Structure formats: structure tokens, C-alpha cells
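Note sheet for the following structure.
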Amino acid sequence: MCGIIGIVSDKQVESYLIDGLKRLEYRGYDSAGIATVNDHQIHRRRSAGKLGNLQALLQHEPIQGQIGIGHTRWATHGAANTENAHPHSSREVAVVHNGIIENFFDLKKQLQKKGHKFESDTDTEVIVHLITDYLHQGDQPLKAVQKTLTDLHGAFALAILFKDDPNTLIATRQGSPLVLGIKENELFVSSDAVAFAPWTQQVCYLEEGDLVVLSKEPKFNYVLYDRTGHKVERPLRRSQITGESVSKAEYSHYMLKEIFEQPTVLSDTLQSLLNFENQMITLKDVNIDWNTLDRIQIIACGTSYYAGLVAKYWFEKWAGIAVDVEIASEFRYRNPVLSPNSLSILISQSGETIDTLAALSLLKENEHQVLALVNVPESSIARKADHVLQTLAGPEIGVASTKAFTSQLMVLACLSLKIGRERGVIKPDTYDSLVQALVSLPGMISHVLQNSEDYQKLALSFTTARNCLYLGRGITYPIALEGALKLKEISYIHAEGYAAGELKHGPIALIDLTMPVVVLAPYDEWFEKTLSNLQEVIARGAQLLCLTDQKAAEKIKQQVKSVCQIEIVVLPFVDSFIEPILYTIPVQLLAYYIALLKGTDIDQPRNLAKSVTVE
Ligand code: G6P
């Protein structure tokens with residue numbers, strides 16, 4: 001969602017701001033803008049649409065200044081037009097904002113009564129007018145911002161410039177992330193360290209309610225205040241995100257790069273958990289007595305939710321523990337009954353998804369034990385949880401999650417084996433062979449990726465489709481859901497995933513010549529039944545794409561009469577334990593190449609955001 005950058009420098013910041021915003025594009029946005037202070041004036045340029053429009057505007061109307069803020073906006077209050085684009089400003093201040101001001105309507109009415117004129121439909125503009133009002137009453141910038149914060153309800157991060165204080169940038173967070181970047185003669189603030197990764201790795205994460213004053217004079221310093229207004233120090237860290245890790249390298253899209261990174265990141269993630277010598281899985285800093293647990297609830301959104309659905313199969317089978325999987329946005333509306341002996345696992349790539357965070361708050365209010373699985377260890381979810389497991393996927397820039405998903409699966413697979421072993425559910429021989437299956441996975445995935453050209457050809461027959469069905473049975477069912485989600489996210493083809501057994505309970509009515517069906521049909525314990533579903537689809541004239549292995553492919557060829565209606569992709573035969581991870585790769589490649597043929601904006605699909613920080 002919205003991305004914020006602020007820069008205090010000894011150089012002109014216009015091009016820096018644009019560069020930083022480019023690295024925040026992945027969050028999803030529909031307008032952008034920057035502002036600087038120079039010659040005791042605020043200079044501002046904004047544009048609807050992609051950053052290219054803003055850059056074109058700046059070519060004709062450049063702005064000067066060594067201090068500035070920038071923003072990519074994902075519209076919530078008001079259309080995605082120039083008037084609603086950030087920064088919002090008065091003559092005195094300019095503000096960029098991520099999040100939502102829940103009481104903006106009442107505040108706006110009060111300010112209008114006092115004579116303030118509004119130019120946009122946004123909630124953000126009330127912040128500008130409140131700060132301006134306090135400045136007019138004689139407050140200094142810091143005091144004016146602090147007073148404004150007490151007026152605001154909601155979750156937000158802000159960066160603010162002042163016409164009459166051209167050396168100062170103030171930023172603050174309350175519910176939305178903000179990180180400071182520190183360098184000699186330069187200070188940065190952003191929603192994500194990715195924005196300034198090529199310039200500095202020295203970072204400081206703001207805590208909830210923190211406010212920071214960045215000053216150019218004397219000597220580029222910053223002062224942090226906590227939510228009570230007291231000066232505080234926060235630890236400096238070295239960010240793992242480098243300029244290289246956020247580049248597209250030779251790939252045409254981040255998504256493709258991230259798909260191809262999967263063998264490496266899965267191997268890294270496995271190595272962080274597994275001692276290869278004694279085959280033991282160790283969860284650093286996670287002290288949970290697995291034997292006392294009677295239930296696990298997994299809570300997540302989007303693709304992370306599907307990772308939870310896969311984990312349910314693993315935990316129930318290999319760890320003998322009951323699992324519920326919950327959509328985070330619904331969890332808190334159900335008055336969930338929580339067993340004192342249960343554990344909640346929250347899965348979130350970003351660690352910032354607002355609904356997952358809200359579920360976490362509810363769990364903490366009930367003093368419930370929470371384990372977070374995140375890709376960003378400094379994220380809000382990681383900080384609030386009792387225990388944290390990390391995926392080592394590295395920054396994921398493509399909005400559609402790929403390597404973060406399979407890395408989540410890798411951690412969850414390890415966790416199921418660890419719990420199964422500690423509870424004595426899994427036999428030692430089985431444990432060893434399943435660990436070996438995980439060790440073999442990166443190599444298997446590399447093999448699938450070597451044949452990525454096959455998916456380019458297969459994609460051709462999907463480009464005219466308006467609807468598409470994905471079927472899976474058993475542990476590949478959640479991957480059918482994930483495959484359908486990937487396709488709709490990036491190609492805009494309507495797609496649904498179904499448990500193959502549910503086909504007859506509705507979706508079969510939709511099947512005709514125009515609707516391709518993708519079936520995940522490895523030769524596993526569920527194959528014979530899936531084969532029957534496959535026959536039912538063929539009998540109704542649909543074009544079928546079957547993702548399978550050699551043994552199952554032979555059976556299909558023997559038993560299905562109209563093989564001309566079927567495309568078969570043969571994947572390596574694997575233990576059903578690791579099927580969900582391996583079968584994710586073909587559905588990712590298929591979605592990618594279909595979207596490529598359709599010419600959509602693959603890395604930033606319309607209306608979607610990478611990090612969903614508003615409800
Ligand atoms: C958004 C993203 C998805 C992601 C979901 C959950 O919808 O576009 O790719 O799966 O949020 O995000 P999280 O960061 O909590 O895993």
C-alpha cells in the first residue's frame with residue numbers, strides 16, 4: 001500500500017526521492033508525488049498513475065531542495081487523481097501519510113468551521129490543517145505535530161516538512177511501519193528499508209508511537225521521542241537488504257526473478273533450521289512445550305493463508321495435532337473460543353498485514369501464546385509475537401507472492417516434523433526419509449525451472465480464456481487455490497481453485513469448451529479418485545492441463561480416451577509430503593507466462609498491494 005520516503009541531504013533530493021519511490025512501487029499504488037523545501041517555500045509535484053507520469057512532469061517543472069518527502073498512494077479516501085495524491089500541503093507544511101485517519105470526518109468539519117479550506121477528498125488533509133493551525137497558534141513544529149497526533153485516531157505513518165524550518169523533517173509511526181536510514185551527511189526515513197537500500201544499510205526501526213526529528217544542522221542528526229514524548233534511543237541495526245537484492249538483474253520481471261530464486265531461498269531456509277549431520281530440526285529462540293498442545297490455529301491472509309491450509313495436512317498427519325486455519329480478516333468477528341493449551345501461528349510475509357496484526361492483538365488481549373512466521377524479522381507482527389520463525393526468502397518485490405510462499409511452506413514442513421518427533425507421533429525412519437525429501441527439494445525445483453519454456457507454450461491456449469478452474473485433491477488442494485489466485489492476480493482471468501471432490505457440487509455446471517481446467521494429479525494416495533474427476537471434465541469437452549508425474553501420466557494415457565483434449569506436464573515423482581512445494585512452481589510459471597502474453601503489469605497488478613496496511 002502507500003509508500004513513504006523522506007530524505008535530508010547535502011545534495012539535491014529530487015532524483016533521490018524518485019529513485020526511492022521506484023523501490024516502493026512494489027507495494028502497489030495509483031498516484032505519486034514529492035515535495036521539497038527551498039528558499040522558504042514548499043515545492044510540490046504530484047501526478048495520477050505510475051511514477052513515469054511524475055517523472056515526465058518533473059522534466060518540465062523540476063524542483064530544487066536538499067530536504068524532501070515522497071509518496072506512492074494506494075487510494076482509500078477519494079479517487080486516484082492528482083488532487084488526492086500526496087504530499088498534501090498548506091503554505092506552511094507538507095505531509096505524506098500511510099494508513100487511515102478514522103476520525104477525519106469530524107476533524108474536517110471542525111476545521112472547516114474554523115475557516116480551513118480543503119482541496120482533496122482524503123483523510124490526510126486534516127493532518128495538514130491541524131499542524132498548520134497549531135503553527136498559527138505559535139507552536140514550534142515539534143509541538144504542533146505532537147499536539148496533532150493526540151487529535152488523530154487510526155493507524156498511520158507520517159513524514160512532514162515545514163516551510164519555515166527548512167532543516168527539519170519530522171516522521172512518526174502509529175500502526176504503520178517506519179524505518180530510519182543513517183549515513184554521513186544524509187538521513188532517510190521510509191516505510192521499508194528497501195527504499196534506501198543502495199545508499200545505506202545502517203537502519204533504526206521506529207517503535208509504535210515513536211516520533212523522529214531529522215535535522216540537517218548541526219551535522220545531520222536525529223532525535224527520537226517515544227509515545228509519551230520522552231527522548232529515547234533505539235538500537236541501530238545492519239539491514240540485510242542491499243541494492244543488489246532489490247534489483248531485477250537480467251530478469252524481465254521481479255516475479256520471474258523471485259520464481260527462479262526459489263531453489264536458493266528454500267535451501268537457505270532449510271539450512272537455518274536443519275542440522276544436516278544429525279538431521280535435527282532446531283527452532284532458535286522458540287521455547288514451546290509441544291506435548292502440552294491440544295490444538296493449533298493458523299491465522300493469515302491471501303497466499304499466507306494457503307500456506308496455513310497446507311500446514312493443516314502436515315501437522316495433522318505428521319504431528320497428530322488438530323489444526324484450524326482462519327482468515328485473519330474474519331478471526332476477530334467470531335468471538336473465537338481459545339483453548340488454554342492451544343497455540344496460534346500467524347503467517348505473514350510482510351509481518352505488517354493489518355488484519356493479521358488485529359488478530360494478534362486479540363490473541364494477546366486473551367493472553368494467548370503466539371508464534372509468528374514472517375519474512376521480515378523487524379516487522380510489527382514479529383515484534384508483538386511471543387515466538388518468531390523467519391523465512392529466508394529475502395525481499396519479495398513482485399506483488400504476487402512466490403518465493404515467500406514456498407519458504408513459508410519449507411518452515412511449516414520442518415515444524416510439522418519437529419512437533420511430530422517431540423510428540424513421538426512420527427517414526428524415526430519416516431522422519432529421516434521426510435527430512436531427506438526436504439533436502440532434495442531445491443534440486444527438484446531447479447529441474448522444473450529448467451523446463452520453464454514448456455509453460456510459455458502452454459500459456460498460449462489460456463490467453464483467450466475468461467475463466468479457469470484449478471483442481472487438487474488432498475495436500476495439493478491448497479495449491480489449486482494458490483494457482484487460481486496467482487492467475488487472477490496477475491492475468492486478470494477469473495480463476496477458482498476447488499477440491500476435486502467438490503467438482504460435482506457446483507463448478508461442473510460451468511465446464512464447457514471455453515473453460516480450461518488445470519488439474520494437479522501426482523501419483524499419490526489420492527490419484528485414482530482425481531483420475532475419475534479428470535474423466536468427468538473431459539466428458540464435458542473441457543481442455544485440460546494435467547500437472548503430474550511419469551507414473552500418473554502413463555495411467556492417464558491408458559485410461560482417458562480423448563487424450564487430444566489433454567496437455568500433460570510431467571514433473572519429478574516426489575514423496576507426497578513435498579508435493580505442495582514442488583507443484584507450486586508450475587502454477588507460478590503458468591500464471592506468469594499467461595500474464596506475459598496478456599501484457600499485464602505483472603509486478604504491480606492493478607488494484608493490488610503487497611503489504612495491506614488498511615482494513
Ligand atoms: C496481499 C498480497 C499477497 C499476500 C497477502 C498477505 O494481498 O498481495 O501476496 O499473500 O497480502 O500478506 P502477508 O504479508 O501477510 O503474507
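The shown structure was predicted, so the numbers you read here are calculated from the model rather than taken from an experiment. In each ligand, atom 1 is the first atom listed, and ligand 1 is the first ligand listed.
The aromatic rings of His253 and Tyr592 sit perpendicular to each other, their planes meeting at more than 60°, with 30° as the lower class boundary.
Atoms of ligand 1 found under 4.0 Å from any heavy atom of Ser401, numbered from 1 in the order shown, are 9 (O). Close contacts of ligand 1 with Ser304, meaning ligand atoms under 4.0 Å from a residue heavy atom, involve 10 (O), 13 (P), 16 (O).
For the side-chain hydrogen bond (donor to acceptor under 3.5 Å, both in side chains) test with Gln588, the passing option among Glu482, Gln262, Lys486, Glu258 is Gln262; the others fail. The only option from Glu378, Glu207, Glu208 that meets the salt bridge (Lys or Arg N to Asp or Glu O under 4.0 Å) definition with Arg383 turns out to be Glu207.
Judged by the 6.0 Å and 45° rule, Lys50 forms a cation-pi pair with Tyr29.
A donor-acceptor distance shorter than 3.5 angstrom exists from the side chain of Glu316 to the backbone of Val323, with no hydrogens or angles considered.
Here the shortest heavy-atom distance to atom 6 (C) of ligand 1, taken over Ala609, Cys301, Ser350, Ala328, belongs to Cys301.
In terms of protein heavy-atom proximity, atom 12 (O) of ligand 1 is closest to Thr353 OG1, 3.4 Å. The shortest contact between atom 11 (O) of ligand 1 and any protein heavy atom is with Lys610 O, 3.9 Å.
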Carefully, step by step, assess Cys2 and Phe156 under the rule side chain to side chain contact (heavy atoms under 4.5 Å, CB included).
-> CA-CA 10 Å; Cys2 305; Phe156 49 83; over 6 Å; no

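Under a 4.0 Å heavy-atom criterion, Val399 is in contact with ligand 1.
Polar contact check, Thr303 against ligand 1: a nitrogen or oxygen pair lies under 3.5 Å apart.
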